[in-house]
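Input: a single structure, listed below in structure tokens.
Remember, it's 1-based here, ligands and their atoms both numbered in the order they're listed.
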Amino acid sequence: MRLLVLTTIYSAMILGAAPARPTFYKDVLPVLQSKCQGCHRPGEAAPMSFLTYEGTRPYAAAIRQAVLSKKMPPWGADGVHGKFQNDPRLTEDEKSTLLAWVAAKAPAGDPKQAPAARQFVEGWNVGQPDLVVAMPKAYEVPAKGTVEYTRFILPLNFTEDRWISTAEVRPGNRAVVHHVIAYVRDPKSKWLRAEPMNQPIVKVAKSDGGARYWLAAYAPGVPAIPGTPGRALRIKAGSDLVFEMHYTTNGEPATDLTKVGIVFAKEPPKEVMATIGVDNHEFAIPPGADSHEVKARWEVPNEMTLVNLTPHMHLRGKDFRYEATYPTGETEVLLNVPRYDFNWQHTYVLAQPKVLPAGTVINVIAHFDNSPNNKFNPDPKAEVRYGDQSWEEMMIGFGTVVWDAKDVDKNMFAPRKPAQPRKPAE
Ligand code: HEC
């Protein structure tokens, strides 16, 4: 056994270093397959495909730049706090392979040495969905102006409760779909109950208070997350889906037909999943402020396990941090994103799920840059408050939590202690 381990380490040392004269087929393609093709293939987020030598060769210099500047693959965690299962960063060997290849004038090499093509399910990143729910017809997005959030209520027609492993939102037209959230509306929820099914609903009201929960979301450049065996989300019989669409106009009239692919759990789940949001709606960012702090806090009411984190802000987002303070008093940084980038709404999947005992406090701390130095800032002279549109702001620390499936009917989010008596009205 020991001998085997030693041999493995030894050969990794020899093989691991970047080859002196790497070629595309033998050395570069395996790196592109594992770290780049998830987005760099037709139909996905990136505008250029790296499936072939011919497709990749013209971008050799740009690849060098993107790798040196760490612009690609995109990622926001600081590399110090937390370990993430979906960390896409290149290893030192992968990096030096790509750089040495570009330096050697990007030779093709021998196609016979190419690895087998990586297999993708056409049009999906979570594998083949069992059910696809689409908007009934294409929505017409005007050439100009602001499109308020538009919602579509779509029936699921489940006659019994179903367990969902994962789901993926596919925008029909990335040029105008800014982001999408697909919610589940429980049969008992009053949310949008008076509104028609299968038709665009444009309501200015931020929320009418009805219960809903999160199924999946789309934001540019962010791959959907494959399911984890044993973990599932319950959708009750009689539930509907609500697509919440944020369209942005781009000078040309356009149409969009967005769909959601649902993968059912293949076995009875051991753990139930839900998405939480630790948020703050009460802030006002002063004009010109270059590092305005906003915080939010949530006390975990029942023991549950955290599996991923998704920080969310808009164009003035500067940095974002999650901390957990455990009942022992110990504090830990779960995720630190030092340079938040609105263009990449990453989900950080914890390499080791974290048990959060009841009474753990999750603090999220963010800063906003409302100064003219922020090149994405739509208006440094504005005082900015919470709102849907991208010139308004948000501050939400999303996360997915799981708990034992035997407690599927327990209200895990009811406050732990009785609420403090209210101050008498004045
Ligand atoms: C999560 C999706 C994603 C992954 C993974 C990804 N890219 Fe990209 N890439 C994009 C998108 C989207 C763009 C275009 C928008 C932009 O430039 O930000 C892009 C642009 C680029 C560009 C053009 C940059 C420029 O400045 O014009 C290069 C070169 C590139 N990627 C290389 C890579 C390489 C090499 C990898 C793997 C090591 C990789 N990308 C992985 C999504 C991705």
Is ligand 1 less than 4.0 angstrom away from at least one heavy atom of A45? yes
Flag H40 as yes if one of its N/O/S atoms falls below 2.8 Å of atom 8 (Fe) of ligand 1, otherwise no. yes
Are R170 and E44 close enough for a salt bridge, meaning some N to O gap below 4.0 Å? yes
Which of the ligand 1 atoms, numbered from 1, are nearer than 4.0 Å to a heavy atom of W344: 10 (C), 11 (C), 12 (C), 18 (O), 42 (C)
Per-atom filter on ligand 1: closer than 4.0 angstrom to a heavy atom of P47 are 13 (C), 14 (C)
Using a 4.0 Å cut-off to any heavy atom of P73, which atoms of ligand 1 qualify? 38 (C), 41 (C)
If the cut-off is 4.0 Å to any non-hydrogen atom of I63, which atoms of ligand 1 fall inside it? 29 (C), 35 (C)
Interfacing atoms of ligand 1 (cut-off 4.0 Å, heavy-atom, K35): 5 (C), 37 (C), 41 (C)
Could you work out, for atom 11 (C) of ligand 1, the closest of A61, P58, A46 by heavy-atom distance? A46
Taking atom CZ of R21 as the centre, report whether more than 12 heavy atoms of other residues, nucleotides or ligands fall under 6.0 Å from it. no
Does the side chain of P372 come within less than 4.5 Å of N377's, by heavy atoms? no
How many angstroms lie between atom NZ of K70 and atom NZ of K95, to the nearest 0.5 angstrom? 5.0 Å
For W391 and V384 the tightest heavy-atom approach is O-CG1, 3.9 Å
For atom 30 (C) of ligand 1, tell me which residue out of Q37, Q33, M72 has the closest non-hydrogen atom. M72
Could you see which bit of M48 sits under 4.0 Å from ligand 1, with heavy atoms only: side chain, backbone, both or neither? side chain
State the atoms of ligand 1, each with its element, that fall below the 4.0 Å cut-off from a heavy-atom position in C39. 1 (C), 2 (C), 3 (C), 4 (C), 5 (C), 42 (C), 43 (C)
Selected option - heavy-atom contact closest to atom 27 (O) of ligand 1, from K71, R174, Q65: K71
Taking the basic N atoms (NZ, or NE/NH1/NH2) and the acidic carboxylate oxygens, is any pair closer than 4.0 Å for K35 and E94? yes
Going by the 4.0 angstrom heavy-atom rule, the piece of P74 near ligand 1 is side chain
Do other residues, nucleotides or ligands put more than 12 heavy atoms under 6.0 Å from E195 CD? yes
Before accepting this row, confirm whether a basic side-chain N of the pair E392/R316 lies closer than 4.0 Å to the acidic partner's carboxylate O. no
Is it the side chain (CB and beyond), the backbone, both or neither of E44 that lies under 4.0 Å from ligand 1, heavy atoms counted? neither
Taking atom types as modelled and ignoring hydrogens, do the side chains of N336 and R321 form a donor-acceptor contact shorter than 3.5 angstrom? no
Are the charged groups of R89 and D87 less than 4.0 angstrom apart, N to O? yes
Give the numbers and elements of all ligand 1 atoms closer than 4.0 Å to a heavy atom of L90. 38 (C)
